[in-house]
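Computed from heavy atoms alone, side chains included, the values below leave out hydrogens, waters and symmetry copies. In the text below, chain A, chain B and the rest are named by the order of the sequence lines, each starting its count at 1.
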Amino acid sequence: MEADSERVAIFMAWPYANGPLHLGHVAGNCLPADIQYKYERARGRSVLMCSGSDEHGTPITLTAEQNGISPQEVVDKYHGINSKSLADLGCSWVDNVDPRGVDFGGTLYNRTSDPMHKDMVRIVFEDLLDAGFLERTTMQQYCSISNGEVRFLPDRYVEGTCPVCSADGARGDQCDDCGSTYEANQLRNPVSKLDPTASVEIRDTDHMFFRLDLFQEELVERSKARTKVWKPNVRAMTKNWLDMGLRPRAVTRDIDWGITLPLEGEDWDSKRVYVWFEAVQGYYTCARIWAERYAVSAGHKHGVDAWENWWKVDSNGVSPKHIYFMGKDNIPFHTIIWPSIIMAMNAAASGNPPTCEPLPGELALESNVPANEFLLLQGGQFSKSRRHGVWLPSFLERYDPDTLRYYLSINMPEGHDSDFRWDEYVNRVNNELIGTYANFVHRVLTLAHRLPNHTSNPLEAYYDSSLHTEHAAIVSEYLQSATESLERQRFKESLRSIMSIAQLGNSILQEAAPWNHIKNTDSSDGIKSLSSLAYCWLLCKGLAVTLRPFIPFQSDRLWEMLGCTEDIDSVSWLDSYSDNSFSWNSSKPNPLFERLDLESILKHEKSLADEEDSKDNESKPTQGGSGDDLIDYEDFVKVEMRTGKILSVEDHPNADKLFVVVIEDGPDSTRTVCAGLKGHYTASQLEGLDIVFVANLRPRKLRGVLSEGMLLAADDEDGNVRVLTPEDGMPPGSLVR
RNA sequence: AGCGGGUUGGAGUAGCCAGGUUAUCUCGUCGGGCUCAUAACCCGGAGACCGGUGGUUCAAAUCCACCACCCGCUACCA
């Protein structure tokens, strides 16, 4: 393979270790990062890939509380599950040291609870503090007090009575009913959503803030220079943040699960590093930890400093290439916050002002941040609580990882959200992956095996390269465009170009019709035809190499069936279609994939869902203690439900999902209620309907409009909503019981 | 309502930032061919006033303005 001195670091956003990975993570993060890594290796480059589990923060502590275990147990569990899923998916995290040798790099799927990560974060914290990039500020924050235990609460976990309009349910800093904002201490009757019985008060608390504002100018300059490189979604999101103006951001918080602070004094004992500040540093700490744990023992020539090859600008001013993969929700962290921290680290080390153009010896900034949009599931967002999702571990138990990799690659949410649909998965796998690609390979292999007895490849004797210059030129164009696409992280486009080569192969076979000459190979037509078959054999070799980033398992299988003895790792991407040597494997070829059957897949998925349902039904009564969920008849009759007739429906002036509905609730009597039915019904569908409503609910303003009751409606797992309506003939105002 | 994204043949998409010959690809559909191959493969056809209305320009899917609808986050809500 030709030497390529380029140094590349592949960074994948750190999955939160609070649950198993779902297909959205795979399509948005894991797969693109892995494809890019494998491609860069095939180019002969030195590549280091870093990521791991993000293991701190409030949600993990809540999961731990709910399950009665420690936060560490939560993250241990999911770090294990997710590491295994990634390996089963064929991602390269399993090779900590590059099989070509440690000088080529390697990978590390680390975790933020790693003591070395924690130490390095504390050192960065100190350096930035000394350099004046962190400042101490006193802020006021809610906390709940229960049994003498003080717990600080984020604003979104507090609600109370609005000081302006007296509405209930106002949030810590803003009232949704009247829209007014106020200082934290003005909210009346604050209550903790996590523990409603605790008393809530305001306390002063000191925190360290990162001076993001100091980097505004450099970031504006940098983002202008990146307009040609960044995707539209990345440009837009970043510009939006910069236009709003950057402000200092707290890097510490009142919580006990996280990295302790390198600060003296009791004040700081109960505080930890804020996750956003610490997890992004994982890209840097992970590279250093890789060097210490793997590069040294594998004999890297630079030992513990090996990481610098992938992180520091070299003496000629050349930066390593840094590519960060993530979903759209993570963009500002990678175009604003993390670059600022890197600039701050550089400035702290050199004593110079921050600059967006790192000098030789300094840490490099991103080369691209190809953020993906979201993968939806049958049109809706993946959701743990609504059980709307396909989880990676259960998927991989049943289906071939390469089929998933193919489908998600060809359907990647690169420009906008895309959809995971079972029928489309089956279609694309059967028609494209199997019909076009695997079928081509199988045709070539079985035809070759039908030629007369042989111990080496029988096609070699017929091959005449001069007959295929036109085809070779087309293949070379496809390869070049696939390569250019991958240089720009355009995976769909790239995969399509490569698939075009398989399609070309099919048409070459069609035209040459070698099956007519298998038994009588001597005619001049026969020789020409078999030369085409021989050329197709060479195409299969190229396809194995160039599809390997996308479907690694089956590429390796194909390579073996072709009888190639050379290590596929040492074949250069650019030369993959130019090697004219003929290998041979005398054992009978087998199809690469099995066709998928949509009906049986849907049946299985449904049975999985039913299983979950029955599990839930069984566990519910025991969960809250038996009988606790039951109410007395007296409680039930307190709810006064009546029939009514909808007279008019109008859009709520200040809410997207609300209708303002006037109902006839008795003879010559009407009332107004707000109903969140927009999107489920049109106004005209509702008008005139007989409905059931709760009549004695305390009236409450909803985004400024007083609602005197509540329409009853049913909703199912899929989010469908239907209003309740009595059988005809009941006059408005009739009691329901 | 705030912020972001989207609207291109029946479905899904490329092209838009850097305006310019017959608007891309996959699936589906119709017709023909092949029979080696996993009912797979190959060739050809039909099908789009590029969401709407204005504007800029010699020229607009592409740039600008306004409008409509869809999605996500936040809010609200059955």
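- Atom P of nucleotide B:rC42 and atom NE2 of A:His471 are separated by 13 Å, given to the nearest angstrom.
- For RNA chain B, the stems formed by at least three consecutive Watson-Crick or G-U pairs, with both atom-pair distances below 3.5 Å, span B:1-7 with B:68-74, B:10-12 with B:25-27, B:29-33 with B:41-45, B:51-55 with B:63-67.
- Nearest heavy-atom pair, A:Asn29 versus A:Ala13, reported as atom, atom and distance to 0.1 Å: ND2-O, 3.6 Å.
- Protein atom OH of A:Tyr407 is 15 Å distant from nucleotide atom P of B:rC27, rounded to whole Å.
- Look at CZ on A:Phe693: it is 19 Å from C1' on B:rC77, rounded to the nearest Å.
- The CG atom of A:Asn516 sits 11 Å away from the P atom of B:rC34 (whole-angstrom rounding).
- Protein atom OH of A:Tyr425 is 18 Å distant from nucleotide atom P of B:rC27, rounded to whole Å.
- A:Met710 comes within contact range of the sugar-phosphate backbone alone, with a heavy-atom separation under 4.0 Å but no base atom that close.
- Distance alone, capped at 3.5 Å, places no donor-acceptor pair between the A:Arg405 side chain and the A:Ile551 backbone.
- Of the two residues near RNA chain B, A:Glu373 and A:Asn427, the one whose nearest nucleotide lies more 5' is A:Glu373.
- Following rounding to the nearest Å, A:Met326 (CE) and B:rC73 (P) show an atom-to-atom distance of 19 Å.
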Contact state string [nucleotides 9-15 of chain B, B base, S sugar-phosphate only, - no protein heavy atom under 4.0 Å]: ----SSS
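- Heavy-atom minimum distance, A:Arg249 versus A:Leu212: CD-CD1, 4.2 Å.
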Nucleic acid footprint by protein, nucleotides 36-41 of chain B - heavy-atom cut-off 4.0 Å, B for base, S for sugar-phosphate alone: BBB-SB
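- Per the geometry, CH2 belonging to A:Trp230 stands 20 Å off C1' belonging to B:rC16, to the nearest Å.
- Rounded to whole Å, the distance from CZ on A:Phe374 to P on B:rC70 is 21 Å.
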